[in-house]
Amino acid sequence: MMFGNGLKTRSALLLSLALLGACSSDPVTPPANDAPAGLAAASTGQTTVRVIWTAPTTTATSFVLQRATGAAGTFATIASPAGTAVMFDDTGLTFGTQYRYRLAAVRAAGTSAYSAEATVTTAGVGSIEVTADITTNTTWTAANVYRLKGFRKVANGATLTIEAGTRIEGDFATVGSSLFVLRGARIVAIGTAANPIVFTSSQTAGTRQPGDWGGLIMIGNGIINRSGIVNIEGTGTSVDNPLVPYSGGSNNADNSGTLRYVRVEYAGFGPAQDAELNAFTLAALGSGTTMEYCQTLNGLDDSFEWFGGAVDAKYLVSYQSGDDHFDISEGYQGRLQFLVGFQSKVLVPRAGAGNVSSDPQGIENDGCNGSGCDAGFDSSPFTIPVIANFTLVGTGPGVVGASGGYGAILRRGTGGHYINGILARWPTAAIGYRDAASKARETAGFLSIKGLFVAETPVLFQAGQQSYGGPASDIEYAAATTAAS
């Protein structure tokens, strides 16, 4: 019995060993879970990239596609393409930017390791020449530089939208270039502090000069105090630059759009003798228009000029002007707040573009002057701006001629309220208070000065002109004058 049982036990042992031997000679192979191969990426435009890879030999149920921005950016999943896919189009990217991609395969056995990275840079900024007027709603993007060829108009009924960070170049040409936003049209140019909208010269950095191009001209349906047909100075010089009127408006609440974080550089080209355009020409704009955080740099004529209307504006900077920093006339009745003007030199204009002014000022305010002033300096509506919280710094002595160099000129029947301001280093006088009609505005309560501080300026008021009748405490005068520096 014992022998027999021993044989059975031995046979079972041999059978087990045989089975084990069979298993060791033919093991079970787990399914492959390799990372995808052949990953590549190519730019297909300024904001698009096509990512491709090799179809895997071991079928995937799906993929995990990740993207990182720049050489050190962190990867994040952007898509889960189907397991049969060999391509993915990535959109909404930033122009001129490096991106990195990697891909993993998802299978029943789990998710594979990621592939080797593929790197690509999207196409850079493009260049578009603006050779025709804008007659339908149009958007300009930061993905392009727009070059104004000639005197281009945004026509009645059209809106030009300009994205933050967009660059617009005025063509450097003998005949000049500029952008007009006509009555009934709108411009929506909303930049940011980090990505302003810049209008500048088409010349390369280091060669740009005042007067390289015309400027930005906006025309609204606001009211001016001149009768008849009144045209923008510098228009009517060619077929491409016809006369552009701004008279005849009736709505001081009109809306011509929005300017926010917009800079205008090297403007002021003169299409005709003594008819230079301004960096910002603001003709009959209504209070529905928004204007904030705007700057000028090295313009040949005025930095900001308002002709009538009632648009408000704040946070305005004028750095180095060929004429006045802030010029106001023809019945303007808006509010201007937080203004900075700085002048240290006389600008050198581009040859043939025009001339710098012989009488540059910080502020120049006029009531009405010239044709269409039916009641002379008493033409209505009166120019009555409110100008608050301003700092205007002049050149100091020995830089500009005696006809200029005033912190503010009040003349030709202007009014206005000037509140909390600083006038410093104006070489001729702080204020030229010129005529009886302007004094009449003060007497009627339409002109006042409060909280003004004047420093390093030889005299407070120009000699032989009007005397301000407000309390002495309205103006603090530090009479000391420093030498030119």
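Any value given below was found using the heavy atoms of this structure, including those in side chains, with hydrogens, waters and symmetry copies removed.
Note: Y246 and F307 have tilted aromatic rings, judged against thresholds of 30 and 60 degrees for the angle between ring planes. The aromatic rings of F304 and W306 sit parallel to each other, their planes meeting at less than 30°, with 60° as the upper class boundary. Classification of the Y293-Y315 ring pair by plane angle, with boundaries at 30° and 60°, yields parallel. The aromatic rings of F199 and W213 sit parallel to each other, their planes meeting at less than 30°, with 60° as the upper class boundary.
Using modelled atom types and a 3.5 Å distance limit, the side chains of Y319 and Q343 yield no donor-acceptor pair. The closest side-chain donor-acceptor pair between T237 and N241 falls under 3.5 angstrom. Checked by atom type, the side-chain pair S371/R226 shows a donor-acceptor distance below 3.5 Å. At a cut-off of 3.5 Å, with distance as the only test, no side-chain donor of E169 or Y266 sits close to an acceptor on the other residue. Between the side chains of S379 and D374, no donor-acceptor pair is found at a separation under 3.5 Å. The closest side-chain donor-acceptor pair between T207 and T204 falls under 3.5 angstrom. A donor and an acceptor atom, one from each side chain of T428 and Q462, are nowhere located under 3.5 Å apart. If you check the side chains of Y406 and D324, you find no donor sitting under 3.5 Å from an acceptor.
With sequence neighbours left out, the salt bridge (charged side-chain N to carboxylate O under 4.0 Å, His left out) criterion links R67 to D90. With sequence neighbours left out, D212 forms a salt bridge (charged side-chain N to carboxylate O under 4.0 Å, His left out) with no residue at all. For C368, the disulfide bond (SG atoms under 2.5 Å apart) criterion is met by C373, not counting sequence neighbours.
Under a 3.5 Å cut-off, the side chain of T138 and the backbone N or O of T136 do form a donor-acceptor pair.
Applying the side chain to side chain contact (heavy atoms under 4.5 Å, CB included) test between E276 and each of L300, V356, D302 identifies L300 as the sole match.
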Using the rule given for side-chain contact (heavy atoms from CB on, under 4.5 Å), can you reason through R152 versus I134, listing the C-alpha separation, both sets of side-chain angles and the distance that settles it, and then say yes or no? CA-CA 8 Å; R152 301 280 61 87; I134 297 167; over 6 Å; no
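The cationic atom of R441 (NZ for Lys, CZ for Arg) lies less than 6.0 Å from the six-membered ring centre of F382 and within 45° of the ring axis. At least one test fails for K314 against the ring of F338: distance under 6.0 Å to the centre or angle within 45° of the axis. A cation-pi geometry, defined here as NZ or CZ lying under 6.0 Å from the six-membered ring centre and within 45° of its normal, holds between R350 and F172.
Ion pairing between a basic and an acidic side chain is recognised when a charged N comes within 4.0 Å of a carboxylate O; R147 and E129 show no such pairing.
With a 4.5 Å cut-off on side-chain heavy atoms, R411 and F377 do not count as touching.
V175 and F269 make their closest contact through O-CE2, 3.4 Å (heavy atoms, listed as atom of the first residue, atom of the second, distance).
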